[in-house]
There are 2 protein chains.
Amino acid sequence: MKEHSPALSPAERYIGIGELARESGCKPETVRYYERIGLLPSAPRNEGNQRRYTASAVRRLTFIRHARDFGFSVEAVRELLQMADYPAMPCEEVDTLAKHHLAEVEARLARLTAVRDELQRMINQCAGGNIGQCHIIDVLSDHRLCHQAGPHGGADVIG
Amino acid sequence: MKEHSPALSPAERYIGIGELARESGCKPETVRYYERIGLLPSAPRNEGNQRRYTASAVRRLTFIRHARDFGFSVEAVRELLQMADYPAMPCEEVDTLAKHHLAEVEARLARLTAVRDELQRMINQCAGGNIGQCHIIDVLSDHRLCHQAGPHGGADVIG
DNA sequence: CTTGAACCTCTAGTCGCTACAGGTATTACG
DNA sequence: CGTAATACCTGTAGCGACTAGAGGTTCAAG
């Protein structure tokens with residue numbers, strides 16, 4: 001017996017973790033990871049203990065990957081998935097989550113833009129002499145040479 | 001004996017890790033971490049085994065923090081520090097490092113901008129009904145609804 | 001001399017995967 | 001049918017750059 005269930009419609013065709021991963025743009029390890037942390041339900045297994053997936057798993061995983069690509073955290077994706085599971089609910093919460101995320105993205109953009117401008121200034125002002133005269137090292141050594149108002153915001157907050 | 005060395009000039013005054021951290025804008029834990037990974041040299045200790053720092057440590061740590069604020073990786077900072085230690089060397093390498101980093105920042109900016117635009121579009125098109133009709137969920141479910149050319153680039157690459 | 005803040009080391013946790021190691025299952029070919 | 005390549009399994013450890021906590025010591029002020 002190759003598959004767990006007999007007589008499947010084409011729409012219910014089972015695929016392995018590799019094909020699922022290919023179709024949704026991630027790696028098998030990541031799929032198993034998502035299962036472990038509960039983003040994907042535990043997949044049914046065939047007789048040889050290998051995970052079998054249907055088209056609905058492809059859809060769910062595609063949703064996850066896409067939301068992750070947009071920069072939503074795994075926890076946010078978890079909430080989005082819960083919401084997506086109840087199509088009759090008002091979409092207010094989805095909207096709120098998306099707006100909150102947009103605000104974060106805009107904040108990061110602002111910081112990153114400031115950093116880019118400052119980096120450009122640093123580089124443009126480097127006359128190409130030796131390190132002792134190098135404007136880049138100067139700026140890094142002394143925040144006052146920086147055109148920013150305050151601190152840039154901490155490394156983790158930049159990216 | 002309170003301090004390790006007698007008769008210090010005011011410029012050589014010793015401070016503790018807390019004051020160093022305050023003056024350079026990070027936490028004592030981070031200072032110890034930087035020492036552990038070799039960004040800061042092992043600090044001399046007083047008789048009670050506590051780290052004592054001079055103004056040069058403040059300068060070095062400020063340099064580190066500032067470079068990190070600009071988004072340079074710890075490894076890049078390590079290289080910058082080495083270069084800064086040799087002021088007579090040509091600043092070509094510093095320039096290259098900075099330019100390379102600028103290119104990365106610009107790439108991130110481009111991706112983040114694309115994400116912001118798409119998020120804005122998603123949110124604007126949400127009519128406020130229920131989740132079944134929600135454009136945000138639609139876009140996340142189906143990449144074809146996205147105005148992007150290709151994939152956004154993977155979550156880690158966004159920030 | 002006592003109290004409380006600051007300091008010490010060591011370990012483990014964060015986030016979102018990714019990469020092994022060491023084994024089993026499936027599949028394609030001859 | 002046998003074999004070899006590939007895909008899959010579990011479990012654990014690693015990445016980067018810290019951060020947090022436990023459990024203890026030292027310092028500085030009153």
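As the structure is a computational prediction, the values presented were derived from the model and not from experiment. Lettering of chains follows the sequences in order, A, B, ..., and the numbering in each one begins at 1.
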inquiry  = With a 4.0 Å cutoff (strictly under), does any side-chain N or O of A:Asn46 reach OP1 or OP2 of C:dT26?
reply    = yes
key: A:Arg51 vs D:dC8: side-chain N/O to OP1/OP2 distance below 4.0 Å   = no
message = Check this for me: A:Glu93, atom CD, are more than 12 non-hydrogen atoms of other residues, nucleotides or ligands nearer than 6.0 Å?
response = no
Interatomic distance where [atom1] belongs to [X] and [atom2] belongs to [N] [whole Å]:
X       : N      : atom1 : atom2 : result
A:Leu61 : C:dC17 : CG    : P     : 11 Å
A:Ile15 : D:dC8  : CD1   : P     : 10 Å
A:Ile37 : C:dC17 : CD1   : C1'   : 9 Å
B:Glu47 : D:dA28 : CD    : P     : 12 Å
B:Leu39 : D:dG16 : CG    : P     : 13 Å
A:Arg45 : D:dA7  : CZ    : P     : 19 Å
B:Phe72 : D:dG16 : CZ    : C1'   : 17 Å
B:Glu35 : C:dC7  : CD    : P     : 14 Å

ask   = With sequence neighbours left out, which residue pairs that include part of residues 71-89 of chain A fulfil the side chain to side chain donor-acceptor pair (under 3.5 Å) condition?
value = A:Glu75-A:Arg78
Atom pairs and distances, side-chain donor-acceptor, residues 18-28 of chain A, under 3.5 Å, sequence neighbours left out:
from    : atom 1 : to      : atom 2 : distance (Å)
A:Glu19 : OE2    : A:Arg13 : NH2    : 3.3
A:Ser24 : OG     : A:Leu20 : O      : 2.6

For the side chain of [X], starting at C-beta, report the closest nucleotide among [options].
X       : options               : value
A:Gln50 : D:dA17, D:dC27, D:dA7 : D:dA7
A:Arg36 : D:dC9, C:dT18, C:dC8  : C:dT18
B:Val74 : D:dC9, C:dC8, D:dA17  : D:dA17

task = Using side-chain contact (heavy atoms from CB on, under 4.5 Å) as the criterion, list what pairs up with A:Gln133, not counting sequence neighbours.
result = A:Asn130
inquiry  = List the residues meeting side-chain contact (heavy atoms from CB on, under 4.5 Å) with B:Tyr33, not counting sequence neighbours, and say none if there are none.
reply    = B:Arg36, B:Ile37
ask   = Heavy-atom contacts under 4.0 Å between residues 16-34 of chain B and DNA chain D, which residues?
value = B:Lys27, B:Thr30, B:Tyr33, B:Tyr34
inquiry  = Taking ring pair (Phe, Tyr, Trp, His ring centres under 6.0 Å) as the cut-off, I'd like each qualifying pair that reaches into residues 93-122 of chain B, sequence neighbours left out, listed once.
reply    = B:Phe72-B:His101
ask   = For A:Arg51, what residues pass the salt bridge (charged side-chain N to carboxylate O under 4.0 Å, His left out) criterion, not counting sequence neighbours?
value = A:Glu35
key: Test: B:Arg121 and B:Asp117 ion pair at under 4.0 Å   = no
request  = Starting from the first five and the last five pairs of the helix from C:dC1-D:dG30 to C:dG30-D:dC1, work out the angle between the resulting helix axes, to 10 degrees.
outcome  = 10°
task = Only counting residues at least two apart or in another chain, list the ones meeting side chain to side chain donor-acceptor pair (under 3.5 Å) with B:Glu106.
result = A:Gln120
